[in-house]
Amino acid sequence: MNQKSLSTWLKGAIICLALIGAAVYAFVIPQYGHTIRALESYSVRYYWAWLIFVLISGIPCYIALVLGWKVSVQIGLDNSFSYINAAMLRKVAVLAAADALYFFAGNIVFWIIGIYEPRDVLISLLPVGCAGAVSTAGAALSHLIRKAADIKNDNDLTI
């Protein structure tokens with residue numbers, strides 16, 4: 001697989017993720033909120049606060065997809081191991097960590113004020129764990145790409 005086809009595959013995956021995320025945030029999450037609101041009377045007054053909270057958590061995800069698109073463009077230009085890609089992957093790692101902390105703290109606050117039950121907080125640990133995994137993978141890839149960029153620069157200077 002050459003750089004151009006890898007870049008095309010990555011862009012296709014990013015587009016698919018963006019479309020799936022848009023469907024989840026536009027249809028699935030509001031429908032889930034309506035279902036919970038119908039089943040549990042205590043959550044009726046907090047529906048909009050919960051919905052806005054969840055929708056805000058999607059913003060870092062889409063920023064990370066934009067950064068991923070930029071990385072795939074660099075890969076298509078045969079600039080895979082560069083400091084630019086390392087910096088963008090580092091930003092993805094920071095965004096994922098911030099989103100995990102935001103989501104976890106928000107769910108704890110909802111639990112404290114009585115919107116959530118302990119089971120809801122436990123269920124919310126799944127997205128927090130996924131964001132933590134993305135953050136760890138992004139930080140590791142950023143480190144490895146930075147090391148590879150160092151080696152590439154050293155080799156470029158060698159005659």
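When the shell of 6.0 Å around NZ of K11 is examined, it contains more than 12 heavy atoms from other residues, nucleotides or ligands. For Y102, the OH atom counts as densely surrounded, since its 6.0 Å shell holds more than 12 non-hydrogen atoms of other residues, nucleotides or ligands.
Annotation: ring-ring contact (aromatic ring centres under 6.0 Å, His included) contacts of Y25 (sequence neighbours excluded): none.
Distance check: I29 CD1 to S57 OG gives 6.5 Å after rounding to the nearest 0.5 Å. Atom CG of L6 is separated from atom CG of L10 by 4.5 Å, given to the nearest 0.5 angstrom. To the nearest 0.5 Å, the span separating CG on L144 from CG on N85 amounts to 13.0 Å. Here the CG atom belonging to D150 is positioned 12.0 Å from the CD1 atom belonging to I145, to the nearest 0.5 angstrom.
When side chains are defined from C-beta on, Q3 does not count as touching N79, because their heavy atoms never get closer than 4.5 Å. Considering only heavy atoms from C-beta on, L125 comes within 4.5 Å of L122 through its side chain.
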### Task
Given side-chain contact (heavy atoms from CB on, under 4.5 Å), test L67 with L95 step by step and report yes or no.
CA-CA 11 Å; L67 291 172; L95 282 169; 3.9 Å; yes
### Task
Apply the test side-chain contact (heavy atoms from CB on, under 4.5 Å) to residues V66 and I63: give CA-CA distance (whole Å), side-chain angles for both, the deciding distance (0.1 Å), then the verdict.
CA-CA 5 Å; V66 169; I63 294 171; 5.6 Å; no
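Heavy-atom minimum distance, R146 versus Y83: NH1-CD2, 3.8 Å. In this structure, F103 and P127 approach most closely via the heavy-atom pair CE2-CG, 3.8 Å. Counting all heavy atoms, side chain and backbone alike, C61 lies closest to D99 at SG-OD2, 3.7 Å. Between N107 and S124 the shortest heavy-atom distance is ND2-CB, 3.2 Å.
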Can you list, pair by pair, the side-chain donor-acceptor contacts under 3.5 Å of residues 129-136, counting residues two or more places apart and other chains?
{"unit_1": "S135", "atom_1": "OG", "unit_2": "A93", "atom_2": "O", "d": "2.9"}
{"unit_1": "T136", "atom_1": "OG1", "unit_2": "G132", "atom_2": "O", "d": "2.9"}

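Ring pair F110/F53 is perpendicular by interplanar angle, where above 60° counts as perpendicular and below 30° as parallel.
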